[in-house]
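Hydrogens, waters and symmetry mates are skipped; everything else that's a heavy atom, side chains included, is used. Lettering of chains follows the sequences in order, A, B, ..., and the numbering in each one begins at 1.
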Number of protein chains: 2
Amino acid sequence: MDLPDGADTRHYLGVRDSIAAHIENGDLGHNACLPSERQLQSGTGAARGTVRAALFQLEAEGLIYRKERSGWYVSPAPIVYDPTRWEGFMSYVKAQGRDPKTELLGTCEVQATAALADIFGVDAGATLYELRRRRYVDDRAVLVETIYVDPRLAPGLLDHDLDGSLTQVLKREYVVDVARNRIDMQPCALTQAEAAALRVKSGLPGLLVTRISYDAQGRVVEYDQEYWRHDALKVSVDIRVG
Amino acid sequence: MDLPDGADTRHYLGVRDSIAAHIENGDLGHNACLPSERQLQSGTGAARGTVRAALFQLEAEGLIYRKERSGWYVSPAPIVYDPTRWEGFMSYVKAQGRDPKTELLGTCEVQATAALADIFGVDAGATLYELRRRRYVDDRAVLVETIYVDPRLAPGLLDHDLDGSLTQVLKREYVVDVARNRIDMQPCALTQAEAAALRVKSGLPGLLVTRISYDAQGRVVEYDQEYWRHDALKVSVDIRVG
DNA sequence: AAGTGGTCTAGACCACGCC
DNA sequence: GCGTGGTCTAGACCACTTT
């Protein structure tokens with residue numbers, strides 16, 4: 001690894017710049033693997049801790065990501081996510097020339113906690129369907145989601161094919177239509193469970209997207225919590241005012 | 001600092017847990033200052049690097065923040081931001097019982113770059129107004145923004161009072177009304193300029209919120225780039241479907 | 001088995017905020 | 001001027017992935 005003019009690669013921001021320069025020059029393509037930390041070290045004369053500080057910096061900026069104990073890789077371009085669109089993850093990822101995949105991790109019936117009961121307007125302890133899914137772009141896991149549905153609106157939902165768009169299933173099989181959405185987005189850290197599901201280190205920054213869908217009668221159709229990798233996503237919304 | 005039952009405070013996740021427990025128990029209120037790194041060290045027997053790893057973890061999670069070379073502090077609750085609401089930052093921060101402040105950093109006239117010209121539909125090199133502002137919640141800087149406006153829509157804009165809602169000024173003084181918004185949100189790292197304006201360390205995670213406002217004729221009214229602290233913000237949107 | 005990242009230690013010096 | 005965080009060094013051992 002050579003350096004741009006006169007950068008001080010003994011400091012972590014200098015090391016950062018020299019690696020960033022290689023990525024931006026196109027020497028390293030998307031998902032390319034970086035040299036090992038010890039190799040980067042010998043290229044710069046810095047201690048390994050310094051090299052790692054530079055790599056953490058680039059990770060926070062979304063330029064690189066890591067696979068546990070395997071190595072550091074160049075991040076691909078983020079995909080654009082429009083929470084107001086309804087054709088679903090699978091089709092808009094495809095529309096951007098990327099390869100989507102959804103994996104159903106599991107389903108179960110749960111008793112509503114106080115918070116869930118409040119959202120659905122049911123009694124605490126009422127039964128709800130719970131779905132956990134993991135979604136991929138180009139074989140990289142980018143989000144895990146937990147979805148809750150009221151069985152009274154969609155009895156027998158768990159017997160259907162849930163590897164695609166849930167909203168489509170609800171519409172087609174149960175004539176349940178979404179009229180309104182409440183969407184929350186909040187930067188967060190990926191904690192134990194989400195991080196494990198995404199196979200990243202716990203504590204990596206992420207984005208929590210929460211969606212509550214209502215039908216025309218104001219009933220809650222679907223409550224969805226999506227934990228995204230922070231570097232996989234760009235949210236874009238077009239909103240009419242008034 | 002005592003510990004929850006049996007946590008291993010020699011490891012950074014153990015140190016993290018013991019500090020997090022103190023915050024969540026309410027021992028430390030909002031904006032309270034944590035003990036110094038060297039004090040935390042002696043309380044746990046860990047090396048200072050380990051203590052710092054724990055603090056970085058908590059920072060990524062949004063529980064604490066730092067003031068350069070001053071110390072670590074407990075993060076206050078995030079404010080809720082609704083990009084579809086038009087009464088402006090000042091009033092919705094107040095509505096949440098917090099104390100907002102806007103500071104005009106500077107204004108100027110700039111020549112449109114290729115990207116800006118494309119957004120506004122003008123020739124490259126055309127003149128645009130540029131405003132830079134910094135906004136606070138409870139005297140903590142939470143965002144810096146750069147706003148561009150086409151002078152043909154609002155001649156003499158820079159002579160008005162720009163410490164409040166720009167949209168109000170445009171509506172009141174120029175009868176320019178927003179009919180549509182395109183809003184983009186993307187996790188990012190706060191780079192040099194933004195980090196300096198927010199007085200945080202360069203590289204801290206943030207959220208870039210970009211808004212393009214259009215009037216009923218489809219003309220660009222306002223182009224706004226907001227760089228937010230990642231722990232200051234929760235985006236919440238209510239959207240009608242169909 | 002070899003190599004990788006993940007973690008940790010125990011020092012050190014500096015620039016800067018605060019008093 | 002003292003204490004703080006910011007940065008850096010030069011080791012070490014472990015758990016895991018990869019070959």
Using only modelled atom types and a 3.5 angstrom limit, is any donor from either the side chain of B:Arg38 or the base of D:dG5 paired with an acceptor on the other?
yes
When you measure from the side chain of A:Arg133 to the backbone N and O of A:Gly164, does any donor-acceptor pair fall under 3.5 Å?
yes
When you check the side-chain N and O atoms of A:Tyr12 and A:Asp17, is any donor under 3.5 Å from an acceptor?
no
Between C1' of D:dT7 and CG of A:Leu13, the distance in whole Å:
10 Å
OP1, OP2 of C:dT7 versus side-chain N and O of B:His11: anything below 4.0 Å?
no
Among the nucleotides D:dC8, D:dT4, D:dT7, whichever has the atom closest to the side chain of A:Thr50 is D:dC8
Salt bridge flag under 4.0 Å for residues A:Arg211 and A:Glu222:
yes
For atom CD of B:Gln41 and atom C1' of D:dT4, their distance in whole Å:
13 Å
Protein-nucleotide distance (B:Arg52, atom CZ; C:dC8, atom P), rounded to Å:
15 Å
Are B:Arg135 and B:Asp163 within salt-bridge range, i.e. N to O under 4.0 Å?
no
If you assign each of A:Gly49 and B:Glu37 to its closest nucleotide in DNA chain D, which residue comes earlier from the 5' end?
B:Glu37
For B:Leu204 and D:dG6, what is the distance between atoms CG and C1' respectively, to the nearest whole Å?
14 Å
Report yes or no: does A:Gln39 contribute a side-chain atom to a donor-acceptor pair with the main-chain N or O of A:Ser36 at less than 3.5 Å?
yes
Between A:Cys188, A:Pro78, A:Pro205, which is the residue that forms a side chain to side chain contact (heavy atoms under 4.5 Å, CB included) with A:His230?
A:Pro205
Within residues 60-73 of chain B, those residues having any heavy atom closer than 4.0 Å to DNA chain C are B:Glu68, B:Arg69, B:Ser70
Please report the distance, rounded to the nearest Å, between CD in B:Glu59 and C1' in D:dG6.
13 Å
Per atom distances to the A:Lys201 side chain, the nearest of C:dT9, C:dG6, D:dT4 is C:dG6
Determine whether any donor atom in the side chain of B:Arg48 lies under 3.5 Å from an acceptor atom in the base of C:dG11, or the reverse, and answer yes or no.
no
Does any part of the side chain of A:Pro187, heavy atoms only, come nearer than 4.5 Å to the side chain of A:Leu207, both counted from C-beta?
yes
